[in-house]
S.K.: 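So that we are looking at the same thing, I have put the structure below in structure tokens.
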Amino acid sequence: MARNGNGFGTTYHSTTINSHTSVSRAGVKRTLDDFQERQNGGKPVVLADITNRSEFRPSEYSQRRALALTPSATSNPLLDLSHPAYGLPNQLTQNLASLGIKSIYPWQSECLLRSGALEGGVNLVYTAPTGGGKSLIADILMLKKIIENPEKKALLVLPYVALVQEKLRWLRKVVEGLSKITEETGNDQRQTHFRTRGNENSVKVVGFFSGSKTKATWHDMDIAVCTIEKANSLVNAALDEVTVGKLGVVVMDELHMIDDESRGYILELMVTKLLSLDQNLQLIGMSATLNLISMALPQPHEVEPLIADRRNELLNDLRSTNTGLDQILEKTVPVGVAFHHAGLTTEERDLIATAYDQGIIKVIVATCSLAAGINLPARRVILHGAQIGADLVGPSMLRQMRGRAGRKGKDEIGETYLCCQKSDLEAVAELMEAELPSVESCLVPGKRGIKRALLEVIATKLASNDESIDDYMKKTLLYHSINHDELAKMVKSTMSDLQENQLLYRTNDSEFRATLLGEAIVASSLTPEDGLFIHRELRKALQAFVMDGEMHVLYSFTPVQAAQININWQIFRKEMDGFDESNLRAMDFVGLKPSIINKMALGGTMKESTKQEIETARIYRRFYSALQLRDLCNEMPIHAVARKYDIPRGIVQNLAQTCHGFAAGMIKFCERMNWGALAAVLDHFSDRLRAGAKSDLLALAEITFVKSRTARVFWENGFKTVAAIAAADVKDIWPVLLQAQPKKLKLSGPEEEKYCEKLINKANVISACATRLWEKQMRDELEEEMEY
């Protein structure tokens with residue numbers, strides 16, 4: 001155990017689930033033949049003691065040879081979460097039992113009871129194989145903390161939006177009916193004419209991720225489930241508002257992401273800031289990789305009627321999305337096959353993942369990154385090729401992917417096959433035996449992290465002089481990774497760069513302070529490099545801003561990360577040829593030249609060797625992405641934009657979602673820089689960005705399922721206000737939804753009836769949402785009148 005700056009000790013708990021562990025825990029196993037015989041209704045199972053078999057060779061995947069009998073709560077009472085040793089409320093254990101968690105593994109019990117983390121007195125970093133039950137440990141520690149300390153809040157950090165959404169749904173089921181432990185107090189709340197619903201002592205779980213519209217405060221939630229970037233922004237905001245004292249526990253899943261070149265440094269700088277706080281804050285980190293068709297599947301007519309019906313329901317659900325039913329999925333879903341990758345929209349990915357989890361889809365084809373990231377357990381994992389691009393897959397990624405096989409609660413056995421070229425065989429053999437690489441800090445100059453870390457720690461006033469900066473750096477992973485003299489030189493050089501770029505300055509008493517620009521960059525969650533780029537672009541906008549068109553404001557809202565996409569120069573030239581005078585002026589003001597675009601369309605190459613050439617190319621790519629935002633804001637459906645620019649629809653949706661958060665950051669940037677007029681211009685347009693529609697549809701777009709083209713179809717059918725939809729009968733709403741579908745349907749008989757039934761259900765949701773919005777408008781108007 002090690003001590004750290006927040007007064008807690010840190011326990012490192014390493015768990016390996018292999019044949020040795022299973023034998024020592026269970027003592028006996030049953031063989032695979034015994035298991036199959038039991039499944040086939042044969043003779044009673046005979047337990048086989050394999051510990052003394054001379055031919056037994058321990059293996060990580062020894063379940064292919066023998067199958068472990070998982071210890072139960074009857075043989076070990078501590079494997080029951082309702083045991084008094086854990087001190088968990090009955091409602092929590094009942095909820096977990098209803099979700100299939102009726103007992104835990106011996107290693108989980110040991111981790112909870114022997115690490116000291118259950119009492120909240122130590123931090124905890126632990127590792128276990130994928131599918132071994134890591135998340136349950138963190139969930140229990142986090143929930144126990146906030147239940148017993150009702151004023152404290154929890155932060156759960158995950159690397160991907162898909163994981164955040166999945167965890168959000170899971171936690172809301174876990175905390176259903178759960179109440180925090182509070183003392184009896186009087187009701188000193190101000191009386192209002194409208195009482196708020198819900199139990200104030202219930203555990204509230206809120207999600208924060210790119211594309212979400214959440215604007216909750218600490219008061220509105222108990223657990224914040226968020227991506228790495230959102231978590232860092234929440235911590236910065238809490239430090240700025242002096243509310244970070246309410247934070248009681250921070251859980252970081254996939255902690256190996258601290259080694260990720262593009263995002264790892266954000267995680268490390270956030271953790272370092274938390275370690276610098278002088279308060280009782282518990283940190284919990286976990287990872288699995290920390291170093292401490294048609295011929296094989298039944299045809300539709302051969303499938304069980306129940307499964308066939310559910311696959312047809314899945315097809316109808318996919319048809320009712322904004323993008324309509326993909327032509328390939330239309331052919332593969334009936335035989336139980338689907339694909340899952342970033343090119344699909346969020347709605348499509350959620351529907352397919354859920355169907356796979358429920359057994360409706362039997363085979364799923366996914367990219368390596370998704371296979372390693374999202375929770376898609378399988379009986380068999382087949383890795384087609386050992387390379388990602390030109391590089392061999394790494395040991396961590398390989399272990400994550402093969403860990404999908406045989407997940408607890410889904411299957412008792414699992415197997416993984418890796419198919420590779422003969423030329424890769426030797427490298428793959430070494431890969432299978434390779435040790436996990438050491439996790440390295442990303443707070444190094446080559447990975448840009450240290451510059452942001454130092455700027456943020458000074459802007460948030462966690463450090464202000466050489467001594468406090470040195471103390472801060474001692475809490476980083478980087479401090480334990482490189483020579484300390486080298487680190488000191490690195491810090492000194494980085495501080496000089498920040499001062500040279502006018503992000504920091506030094507006072508007469510040798511204190512460091514963030515400049516107005518430095519504070520604006522931190523407030524808008526930008527890296528120093530991206531912040532300086534945005535500052536230069538907005539400075540140009542202050543000198544000349546095109547107000548009689550959309551392109552200039554949309555360019556300002558386009559995320560800087562969009563500058564990494566490839567441009568189809570023929571499409572770019574075609575769009576430019578259709579520009580009016582205001583759009584051409586916007587091009588000129590941001591620095592684009594029609595002659596360059598024409599040259600590129602004819603096969604030219606844009607140079608990116610010097611710093612100036614790289615920035616120029618970045619502006620062209622960003623403007624090209626702004627063209628896609630323009631079409632989305634003018635009610636062009638996502639699938640139509642994807643087809644027009646020849647890019648996956650999931651990429652278009654991701655652009656639309658990320659620009660929401662980026663737009664908010666740009667408005668905050670302008671406000672911090674005291675550019676009030678520019679902030680007002682951007683803020684006025686941000687509502688259109690969220691709605692994906694023109695100004696006349698903004699009110700309708702507040703209704704669930706009524707966005708973009710769907711809102712326009714309602715408008716054209718006479719439903720021009722929220723009140724009009726609230727007053728309408730459902731039988732008048734669902735035909736409008738049918739009219740708004742992206743593709744004409746060719747269904748008949750029962751399939752058409754089921755599809756219409758889904759639209760009617762959606763119409764009921766729309767009607768209910770419109771009614772709530774209209775009632776809220778009426779209450780707000782009434783309260784305003786009463787105030788006067």
Side-chain angles (χ1 to χ4, degrees), residues 4-8 120 123 138 141-143 145-146 149-159 164 167-168 171 180 203-210 212-253 263 265-285 452-464 468 471-472 475-476 513-514 518-527 531 661 664-665 667-669 671-672:
N4 56 49
N6 62 10
F8 279 37
N123 297 329
L141 294 174
M142 176 177 66
L143 289 168
K145 186 84 169 183
I146 63 171
N149 302 275
E151 296 303 318
K152 294 294 184 181
K153 312 295 179 182
L155 204 60
L156 174 55
V157 187
L158 294 153
V164 171
K167 192 67 177 183
L168 200 58
L171 279 176
K180 294 173 286 186
V203 179
K204 306 175 188 67
V205 185
V206 178
F208 293 85
F209 52 90
S210 179
S212 69
K213 298 180 180 179
T214 305
K215 294 183 179 179
T217 63
W218 285 129
H219 178 72
D220 303 318
M221 64 188 176
D222 297 295
I223 301 174
V225 187
C226 44
T227 55
I228 295 171
E229 291 78 6
K230 291 290 184 180
N232 188 53
S233 295
L234 282 174
V235 170
N236 284 342
L239 288 168
D240 191 41
E241 298 165 4
V242 199
T243 57
V244 75
K246 294 184 178 181
L247 195 57
V249 58
V250 177
V251 176
M252 293 154 287
D253 200 355
R263 307 168 70 206
Y265 73 96
I266 301 178
L267 184 60
E268 184 175 350
L269 68 90
M270 181 192 75
V271 174
T272 307
K273 282 182 285 191
L274 295 174
L275 288 170
S276 300
L277 298 173
D278 186 19
Q279 66 181 60
N280 291 331
L281 171 63
Q282 186 177 29
L283 302 180
I284 300 168
R452 180 170 181 176
L454 291 172
L455 177 60
E456 287 196 3
V457 76
I458 291 170
T460 55
K461 299 179 178 61
L462 277 176
S464 59
S468 57
D471 184 59
Y472 171 80
K475 296 180 175 67
T476 66
R513 295 286 185 270
E519 291 178 349
I521 288 174
V522 172
S524 50
S525 300
L526 294 169
T527 66
I667 294 169
K668 190 175 292 185
F669 187 96
E671 290 173 345
R672 285 296 183 105

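All heavy atoms count here, side chains included; hydrogens, waters and symmetry mates do not. Note that the structure is a prediction, hence the values are computed from the model and not measured.
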S.K.: For residues Ala138 and Val251, report the shortest heavy-atom separation together with the two atoms involved.
M.R.: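 The pair with the smallest heavy-atom distance is CB-CG1, 3.6 Å.
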S.K.: Please report the interatomic distance CE(Met142) to CD1(Ile223), rounded to the nearest 0.5 Å.
M.R.: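 If we round to the nearest 0.5 Å, Met142:CE and Ile223:CD1 are 4.0 Å apart.
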S.K.: So Thr476 and Leu275, do their side chains get closer than 4.5 Å, heavy atoms only?
M.R.: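 The answer is no; the side chains never approach within 4.5 Å.
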S.K.: Taking all non-hydrogen atoms of both residues, which atom of Ser276 and which atom of Tyr472 are closest, and how far apart?
M.R.: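 Heavy atoms of Ser276 and Tyr472 come nearest at OG-CD1, 3.5 Å.
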S.K.: Enter the distance from Glu456:CD to Leu269:CG here, rounded to the nearest 0.5 Å.
M.R.: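 Spacing of CD (Glu456) from CG (Leu269) equals 5.0 Å.
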S.K.: So, the side chain of Lys180 versus the backbone of Ile146: is there a donor-acceptor pair under 3.5 Å, distance only?
M.R.: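 Such a contact is absent between Lys180 side chain and Ile146 backbone.
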S.K.: What verdict does the side chain to side chain contact (heavy atoms under 4.5 Å, CB included) test give for Arg452 and Asn232, after you've listed the backbone C-alpha separation in whole Å, the side-chain angles of each residue and the deciding distance to 0.1 Å?
M.R.: CA-CA 12 Å; Arg452 180 170 181 176; Asn232 188 53; 3.5 Å; yes
S.K.: In Å, rounded to the nearest 0.5 Å, how long is the span from CG of Leu462 to CG of Asp471?
M.R.: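 Here the rounded value is 10.5 Å.
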S.K.: Please report the closest heavy-atom contact between Cys226 and Leu234, naming both atoms and the distance.
M.R.: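 Of all heavy-atom pairs spanning Cys226 and Leu234, the closest is SG-CD1, 4.2 Å.
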S.K.: Under a 3.5 Å threshold, yes or no: a donor from one side chain and an acceptor from the other, between Lys152 and Asn280?
M.R.: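 Side chains of Lys152 and Asn280: no pair found under 3.5 Å.
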S.K.: At what distance, to the nearest 0.5 angstrom, does CD of Gln282 lie from CG of Asn149?
M.R.: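 Reported to 0.5 Å precision, the distance equals 10.0 Å.
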S.K.: Using a 3.5 Å distance criterion without hydrogens, assess whether the side chain of Gln279 forms a donor-acceptor pair with backbone atoms of Leu247.
M.R.: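 A pair under 3.5 Å: yes.
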S.K.: Salt bridge or not for Asp240 and Arg672, using N-O below 4.0 Å?
M.R.: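 Yes, this pair counts.
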S.K.: Testing Leu158, Val225, Thr227 one by one against Phe209 for a side-chain contact (heavy atoms from CB on, under 4.5 Å), which residue passes?
M.R.: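 Going through Leu158, Val225, Thr227 one by one, the side-chain contact (heavy atoms from CB on, under 4.5 Å) with Phe209 is satisfied by Thr227 alone.
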